[in-house]
Amino acid sequence: NTHQSIKAIEYFKLSADCFIRFKKYKEAGYCYLNISTSFDEKIMNLDSALFYSSKSLTINKDSFHQANVLKSKPSLQKHL
């Protein structure tokens, strides 16, 4: 349900902020990726999904993470 997804996004944002404060960028990146997935699959807001997947790429420089995000990003972009 949309209300639960919005609540989950709020918690992921809070978690990402905490991770960034403690310089845990990898974890923050995964929070942003979860936000992106929620916007894509639950709320159907592709602009926001693309924004948060890009934000995830910016903050989490792990090569495995980068590859996974870049693999899913074209499928988001084709819907815009």
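Predicted model, so just to flag it, every value in this text is computed and none were measured.
Y30 OH to S15 OG: the interatomic distance, rounded to the nearest 0.5 Å, is 15.5 Å. Atom CZ of residue F19 and atom CD1 of residue I59 lie 11.5 Å apart, to the nearest 0.5 angstrom. Expressed to the nearest 0.5 Å, how far NZ of K55 lies from OG of S48 amounts to 11.5 Å. For the atom pair D62 CG and N68 CG, the distance stands at 9.0 Å (nearest 0.5 Å). If you take CG on N45 and OG on S38, they are separated by 11.5 Å, rounding to the nearest 0.5 Å. Atom CG in D47 sits 11.5 Å away from atom CG in D40 (nearest 0.5 Å).
No single ILVMFWY cluster, assembled from side-chain heavy atoms under 4.5 Å apart, contains both F51 and L33. With hydrophobic clusters built from ILVMFWY side chains whose heavy atoms lie under 4.5 angstrom apart, I20 does not share a cluster with L14. Linking Ile, Leu, Val, Met, Phe, Trp and Tyr whenever their side-chain heavy atoms come within less than 4.5 Å puts I43 and I35 in one cluster.
Distance alone, capped at 3.5 Å, is enough to place a donor-acceptor pair between the S53 side chain and the L50 backbone. With hydrogens and angles disregarded, a donor-acceptor distance shorter than 3.5 Å links the side chain of Q66 to the backbone of L57. Not a single donor-acceptor pair under 3.5 Å links the side chain of N60 to the backbone N or O of G29.
V69 and S56 get closest at one heavy-atom pair: CG2-OG, 4.2 Å.
Within 6.0 Å of the NZ atom in K61, the count of heavy atoms belonging to other residues, nucleotides or ligands exceeds 12.
Relative orientation of the Y52 and F39 rings is parallel, given thresholds of 30° and 60° on the angle between their planes.
A salt bridge does not link K13 to E10: none of the charged side-chain nitrogens sits closer than 4.0 Å to a carboxylate oxygen.
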